[in-house]
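What follows is a set of notes on a single structure, which appears directly below.
By convention in this document, chain letters (A, B, ...) are assigned in the order of the sequence lines, proteins followed by strands, and residues within each chain are numbered from 1.
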Amino acid sequence: MLSLEKQLNEKIKNIFKTSGFDEKFAFVKPSDRPDLSDFQCNGALALAKSLKQNPREIGQKIADELADDNDIETVSVDGPGFINIKLKNEFVAQNMNEMAVDSRLGCAKTKNPKTVVMDFGGPNVAKALHVGHLRSAVIGESIRRIIDFLGNKVISDVHFGDWGTPMGMILSQIIFEDGDLSKVETYDIEAISAFYKKANVRCKEDEKAAETARLITAELQNGNKEYVKAWKHLRAVSVNAVKENYDELDAHFDLWLGESDAHEMCEKIVQIAKDKNISEVDEGATIIRLPETNKPMPPVILVKSDGGFGYQLTDIATIKMRVDDLKADEIIYVVDKRQSLHFEQVFQVAKMLSIAPDVNLKHVGFGTVNGADGKPFKTRDGGVMNLKDLIEMSKNKVRSSMPKPDEVEGYGKAEIEKLVSEVAMAAIKFQDLKNTAASGYIFDLEDFAKFDGKTGPYIQYAIARINSILRKADESGAIQGKIIIFENDERTLALKLAGFENAVLRAGIDKEPSIIADYAYSLAQIFSSFYNTCPIMSAENEQVKASRLKLAALVRDVLKQALYLLGIKAPEKMLKAN
RNA sequence: GCGCUCUUAGCUCAGCCGGAUAGAGCAACAGCCUUCUAAGCUGUGGGUCGGGCGUUCGAAUCGCCCAGAGCGCGCCA
């Protein structure tokens with residue numbers, strides 16, 4: 001099916017074509033003045049500028065042609081040259097009926113699907129996920145689902161941080177405390193994490209300890225058998241721990257590769273750079289100098305002076321692997337925006353080495369989660385907050401507003417806990433996704449357990465209410481029928497539904513889940529209003545009841561799909577303690 | 001020092017390839033449960049869009065200048 005907006009754009013485009021106007025101005029957008037129109041076209045204003053003609057005259061010419069269309073109720077030219085279009089109810093209703101039977105809810109698949117590799121998550125060995133990891137996982141997963149839904153092939157890779165200096169730091173700390181590595185395989189994630197924390201402190205205070213750590217890192221990377229064996233254990237334990245976290249967040253990764261998997265390719269990249277004569281040795285390190293601009297552009301360090309591979313080299317090598325092995329057309333990195341310079345450098349080197357020709361490399365940078373002081377969030381003791389703890393706090397809040405197990409029929413402990421988790425995760429994720437990714441936000445524990453206003457649970461609640469009505473309809477034998485539009489609130493709701501495709505498309509182009517979050521909230525809001533003014537089960541007649549049932553079911557389907565694209569689940573029922 | 005990003009209602013933020021009366025949520029205030037889940041709905045108040053200059057018929061949006069904030073700038077990742 002063709003969405004309402006697309007159909008309208010086709011009509012306008014035809015008129016522009018026959019009138020000899022530039023078609024790039026032939027498009028509509030939902031009206032800024034709903035009191036005057038459903039859609040507006042500002043093309044006449046833009047045309048007037050380039051043609052040096054009167055915008056109202058051009059607008060009138062287009063409007064006159066449009067007025068003949070059977071699907072259009074009224075067209076008018078207002079103000080300096082806005083073309084205001086009001087559609088016939090039958091046309092809007094017809095579109096809703098098509099949308100209701102369309103498994104894709106009016107969202108066309110892309111005509112040229114791409115293979116997109118997504119790099120997000122970015123967990124590290126020996127570090128439990130903390131609030132800093134939340135955004136990458138939540139935003140990344142949402143973008144993954146959006147791009148996939150648009151019809152592309154998406155391959156997500158967690159890109160485990162398993163090969164840098166921290167590995168040497170942990171190993172050296174264990175040797176420092178135990179004398180050797182004989183006990184490594186008995187250590188669990190908590191123990192490994194503790195070693196890392198101590199190593200971090202010691203390396204900061206003692207330059208000699210840091211030196212040892214770097215040395216061990218280099219030896220590990222060069223294949224020291226004892227170190228590799230111990231490292232394998234550290235990695236396996238960490239991956240398992242982190243997998244649990246990502247499962248709870250419902251973030252999906254097709255690949256669990258890490259920096260270490262790029263090691264061999266790193267050697268090849270160094271060789272390619274040498275062969276192409278673009279690398280040089282400076283102060284013992286192998287570097288690539290980048291062309292100077294007015295912006296500070298430090299050189300890229302491929303091999304450090306101690307022989308270890310720098311992380312920029314790892315990223316460059318990983319690009320080549322993704323292009324060669326995965327046939328990536330596009331690689332998207334969902335990483336803290338403070339790393340933008342790093343990615344700019346890496347992308348530039350990839351170009352210089354010609355390892356990713358015609359591949360679109362994109363860094364989607366997101367802002368930090370900040371404390372009340374505007375600085376990246378820290379707990380009272382100065383540490384970072386564990387993601388698990390954060391989720392637990394939100395769940396506790398949600399749980400306290402829920403009935404106790406078995407107070408509601410069919411809701412035992414397991415069912416209540418499932419519901420608690422779904423609502424808590426919705427609160428946390430929506431809080432994160434409702435903001436544009438690039439801007440940071442102030443972390444407030446309260447916000448992660450809020451249900452009122454622009455929140456995830458608000459949208460879940462709207463869905464639950466519709467489910468409830470549909471259950472009642474089912475029990476009473478009422479059936480859904482053709483959608484017809486009479487009331488103003490029905491119109492508003494239908495027009496909002498018609499905008500779903502546009503929201504998904506924009507979110508996909510901009511890699512911006514907040515556009516869908518915004519859309520879903522707005523749709524839920526309009527539905528809630530409709531819910532209050534337009535009775536469904538007690539509608540004035542059977543025809544209206546059948547129509548509203550179908551419209552409500554469509555709203556439910558679109559809301560569920562929108563939440564899915566945000567990585568949020570929609571419970572069948574929302575329960576509340578008395 | 002150089003560069004990037006930002007400054008919109010009391011608070012948190014949308015809107016930004018120029019367009020009509022600058023929008024939400026929270027907070028405040030006033031209403032709405034004998035009718036489909038009140039985690040809801042309706043209404044009210046609240047703004048020199050950081051400041052200035054410029055381009056334009058028209059600027060929150062584009063350009064320049066200034067002020068303030070955040071972030072980043074070779075061997076951590």
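When ring centroids are compared, Phe25(A) and Phe16(A) stay outside the 6.0 Å threshold.
No engagement by Gly81(A) is indicated, since no non-hydrogen atom pair under 4.0 Å with the nucleic acid exists. Residue Asn84(A) is in base contact, counting any heavy-atom pair closer than 4.0 Å across all strands shown. Using a 4.0 Å heavy-atom cutoff across all strands shown, Ser468(A) reaches at least one base atom of the nucleic acid. Thr293(A) comes within 4.0 angstrom of nothing in the nucleic acid, heavy atoms only. Among the protein residues, Gly164(A) comes within range of the sugar-phosphate backbone only, with heavy atoms under 4.0 Å from sugar or phosphate atoms but none that close to a base. Nucleic acid contact class of Thr436(A) (heavy atoms, under 4.0 Å, all strands): sugar-phosphate only. Within 4.0 Å (heavy atoms only), Gly453(A) reaches sugar-phosphate atoms of the nucleic acid but no base atom. If you check every strand for non-hydrogen atoms under 4.0 Å, Leu575(A) touches a base. Heavy atoms of Cys203(A) sit nowhere under 4.0 angstrom from any nucleic acid atom. Asp315(A) comes within 4.0 angstrom of nothing in the nucleic acid, heavy atoms only.
Comparing Ile536(A) and Asp32(A) against RNA chain B, the residue whose closest nucleotide sits nearer the 5' end is Asp32(A). Closest-nucleotide positions on RNA chain B for Met537(A) and Thr217(A) were compared, and the one nearer the 5' end corresponds to Met537(A).
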Are Glu211(A) and Lys208(A) close enough, and set up right, to give a salt bridge (Lys or Arg N to Asp or Glu O under 4.0 Å), and what steps lead you there? CA-CA 5 Å; Glu211(A) 179 68 37; Lys208(A) 237 180 143 180; over 6 Å; no
Start with the C-alpha gap between Arg135(A) and Asp336(A), add the side-chain angles, then the distance that decides, and say whether salt bridge (Lys or Arg N to Asp or Glu O under 4.0 Å) holds. CA-CA 9 Å; Arg135(A) 301 213 74 192; Asp336(A) 193 318; over 6 Å; no
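The side chain of Lys454(A) sits closest to G25(B) out of G25(B), A20(B), A77(B). Residue Arg465(A) has its side chain nearest to A38(B) when only A14(B), A38(B), A20(B) are considered. Picking from C26(B), G3(B), C13(B) the nucleotide with the shortest atom distance to the side chain of Asp452(A) gives C26(B). Comparing A20(B), C41(B), A24(B) against the side chain of Tyr521(A) picks out A24(B) as the nearest.
Protein atom NE2 of His133(A) is 15 Å distant from nucleotide atom P of A77(B), rounded to whole Å. Distance, Asn294(A) CG to G1(B) C1': 14 Å, rounded to whole Å. Computed from coordinates, the Ile58(A) CD1 to G19(B) P distance equals 18 Å when rounded to whole Å. Between the CG atom of Asp336(A) and the C1' atom of A77(B) there is a distance of 12 Å, rounded to whole Å. Rounded to whole Å, the distance from CG on Asn435(A) to C1' on C26(B) is 13 Å. Between the OH atom of Tyr531(A) and the C1' atom of A38(B) there is a distance of 10 Å, given to the nearest Å. Between the P atom of G1(B) and the NZ atom of Lys295(A) lies a distance of 19 Å, rounded to the nearest Å. Rounded to whole Å, the distance from NZ on Lys434(A) to C1' on C11(B) is 12 Å.
Residue Ser340(A) places none of its side-chain N or O atoms closer than 4.0 Å to OP1 or OP2 of C4(B). Put simply, Gln40(A) has no side-chain N or O that comes within less than 4.0 Å of OP1 or OP2 on G19(B).
Nucleotides C49(B) and C33(B) are separated by 40 Å at their C1' atoms, to the nearest Å. Between U56(B) and C16(B), the two P atoms lie 24 Å apart (nearest whole Å). The same atom, C1', is picked in C66(B) and in G58(B); the two are 26 Å apart, to the nearest Å. Spacing between C65(B) and C29(B) at atom C1', rounded to whole Å, works out to 44 Å. Nucleotides G3(B) and A59(B), compared at atom C1', are 27 Å apart to the nearest Å. Distance noted for atom P between G15(B) and A24(B): 15 Å (whole Å). Spacing of C1' atoms, C2(B) relative to G10(B), comes out at 38 Å, to the nearest Å. With both ends at atom C1', the span from A9(B) to A14(B) equals 13 Å, rounded to whole Å.
Between the side chain of Asn222(A) and the backbone N or O of Ala218(A), at least one donor-acceptor pair lies under 3.5 Å. The backbone N or O of Lys569(A) lies less than 3.5 Å from a partner atom in the side chain of Gln460(A), making a donor-acceptor pair. Under a 3.5 Å cut-off, the side chain of Arg548(A) and the backbone N or O of Pro535(A) do form a donor-acceptor pair. With hydrogens and angles disregarded, no donor-acceptor distance shorter than 3.5 Å links the side chain of Thr286(A) to the backbone of Val281(A). In this structure a side-chain-to-backbone donor-acceptor pair under 3.5 Å is present from Gln345(A) to Pro298(A).
Relative orientation of the Trp231(A) and Trp163(A) rings is perpendicular, given thresholds of 30° and 60° on the angle between their planes. The aromatic rings of Tyr521(A) and Tyr458(A) sit tilted, their planes meeting at an angle between 30° and 60°.
In G54(B) the base sits anti relative to the sugar, since the glycosidic angle is further than 90° from 0. In this structure, C33(B) is classed as syn because its glycosidic torsion stays within 90° of zero.
A 3.5 Å limit on both hydrogen-bonding distances identifies G23(B) as the Watson-Crick or G-U partner of C13(B). Across every strand in view, G63(B) sits in a pair with C53(B) that passes the Watson-Crick or G-U test at under 3.5 angstrom. Here A28(B) sits opposite U44(B) as a Watson-Crick or G-U wobble pair (both hydrogen-bonding atom distances under 3.5 Å). For C76(B), there is no paired base (Watson-Crick or G-U wobble, both distances below 3.5 Å). The partner of G70(B), taking Watson-Crick or G-U wobble pairs whose two distances both stay under 3.5 Å, is C4(B).
By the stacking rule of 5.5 Å between ring centres and under 30° between planes, Phe82(A) does not stack on the base of G19(B).
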Protein-to-nucleotide contact annotation, 5' to 3' order, nucleotides 55-75 of chain B [B base; S sugar-phosphate only; - none; under 4.0 Å, heavy atom]: ---B------------SBSBB
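In terms of polar N and O atoms assigned as donor or acceptor, the side chain of Asp162(A) never comes within less than 3.5 Å of the base of A77(B) in a complementary pairing.
For the atom pair NZ of Lys573(A) and CZ of Arg471(A), the computed distance is 4.5 Å after rounding to the nearest 0.5 Å.
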